[in-house]
Amino acid sequence: MSKQFTKSEVAKYSTKDKTLIILHDKVYDVTDFLNEHPGGEEILLDHSGKDSSEDFDDIGHSSDAFDLMKKYLVGELVHEEKTYKTPKQSWSTSYGKNETNKKNEGMSPTIMLAGLMILLAAAYFLYL
């Protein structure tokens, strides 16, 4: 059984020295991840000590981010304080991806380059 936290216990840890975040009734200690977070440490500090599930889902994260989260999991909320809300589609589809599906995430560089070339050609001919 994992360590049980109340929301008030999590709220005490909202500093650079100890940063806990609640995501879908699970508690993560992201203190060591502050300097590594691609969005910067401020976003984590802004959400520390509270339930940030909705914002986390709204942003969307890569499957690599979901794999990395496992490293920072330290417990879960006590039964009485859990919301039992199901994660949005972005969470559930990303979390279950395997290595084969990861390769197909996002737009391929070739397609992006082709699109950029078309835009540049159109701009060139429009302004001649």
Side-chain angles (χ1 to χ4, degrees):
M1 181 178 247
S2 64
K3 181 169 169 61
Q4 303 286 299
F5 291 86
T6 63
K7 288 182 179 181
S8 62
E9 287 174 325
V10 173
K12 293 177 187 175
Y13 300 104
S14 61
T15 68
K16 274 188 166 185
D17 295 329
K18 186 78 166 176
T19 308
L20 298 184
I21 292 178
I22 301 167
L23 296 172
H24 300 288
D25 298 329
K26 293 185 175 154
V27 179
Y28 297 87
D29 183 346
V30 295
T31 309
D32 294 337
F33 187 60
L34 290 176
N35 293 325
E36 299 173 36
H37 187 262
E41 69 179 26
E42 289 304 314
I43 193 72
L44 293 176
L45 291 171
D46 287 346
H47 288 84
S48 66
K50 51 189 157 188
D51 189 335
S52 301
S53 303
E54 189 172 332
D55 289 338
F56 182 87
D57 286 348
D58 288 345
I59 288 297
H61 286 82
S62 69
S63 55
D64 289 336
F66 291 100
D67 290 339
L68 185 61
M69 287 174 56
K70 296 173 190 173
K71 176 180 176 181
Y72 300 102
L73 180 65
V74 293
E76 61 185 330
L77 289 178
V78 294
H79 175 72
E80 299 79 24
E81 294 188 7
K82 287 184 178 182
T83 62
Y84 294 102
K85 289 183 182 176
T86 56
K88 290 185 179 178
Q89 192 66 22
S90 61
W91 171 281
S92 58
T93 55
S94 294
Y95 195 67
K97 287 186 179 179
N98 59 30
E99 288 299 314
T100 304
N101 289 338
K102 276 173 133 179
K103 293 177 186 172
N104 296 325
E105 278 185 5
M107 193 180 302
S108 79
T110 306
I111 293 172
M112 288 189 334
L113 183 59
L116 179 61
M117 291 176 67
I118 291 168
L119 285 173
L120 289 173
Y124 176 79
F125 288 111
L126 285 174
Y127 293 106
L128 265 182

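Throughout, residue positions are numbered sequentially from 1 according to the sequence presented.
The minimum heavy-atom distance between E76 and K82, with the atom names listed, is OE1-NZ, 2.7 Å.
In the hydrophobic clustering of ILVMFWY residues, with side-chain heavy atoms under 4.5 Å counting as a link, F56 and I43 come out together.
Applying the side chain to side chain contact (heavy atoms under 4.5 Å, CB included) criterion to D51, with sequence neighbours excluded, gives I22, S53, T83. When the side chain to side chain donor-acceptor pair (under 3.5 Å) test is applied to S8, the partners found at least two apart in sequence or on another chain are T6. Applying the side chain to side chain contact (heavy atoms under 4.5 Å, CB included) criterion to S52, with sequence neighbours excluded, gives I21, L23, H47, K50. Qualifying side chain to side chain donor-acceptor pair (under 3.5 Å) partners for K12, counting only residues two or more places apart in sequence or in other chains: none. Remark: K7 engages no residue in a side chain to side chain donor-acceptor pair (under 3.5 Å) (not counting sequence neighbours). Here A114 pairs with nothing under the side chain to side chain contact (heavy atoms under 4.5 Å, CB included) rule; sequence neighbours left out. In terms of the side chain to side chain donor-acceptor pair (under 3.5 Å) criterion, E54 has no residue partners (sequence neighbours excluded). With sequence neighbours excluded, the residues satisfying side chain to side chain contact (heavy atoms under 4.5 Å, CB included) with L68 are F33, K71, Y72.
Other residues sharing the hydrophobic cluster of Y84, ordered by chain and number and joined by side-chain separations under 4.5 Å: none, the residue standing alone. Other residues sharing a hydrophobic cluster with Y127 under the 4.5 Å side-chain heavy-atom criterion for ILVMFWY residues are L126. Chaining together hydrophobic side chains whose heavy atoms lie under 4.5 Å apart places L120 alongside L116.
Screening residues 13-26 for salt bridge (charged side-chain N to carboxylate O under 4.0 Å, His left out), with sequence neighbours left out, gives K16-E41, K18-D29.
Using a 30° and 60° split on the angle between ring planes, H37 and H61 fall in the tilted class, from 30° to 60°.
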_Full working for side chain to side chain contact (heavy atoms under 4.5 Å, CB included) between K3 and V27_ = CA-CA 9 Å; K3 181 169 169 61; V27 179; over 6 Å; no

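The closest side-chain heavy-atom distance from L20 to E9 is not below 4.5 Å. Between F5 and V74 the shortest side-chain heavy-atom distance falls below 4.5 Å.
Residue L44 holds its CG atom at 12.5 Å from OG of S14, rounded to the nearest 0.5 Å. Note that the CE atom of M69 and the CG atom of D64 stand 13.0 Å from one another [nearest 0.5 Å].
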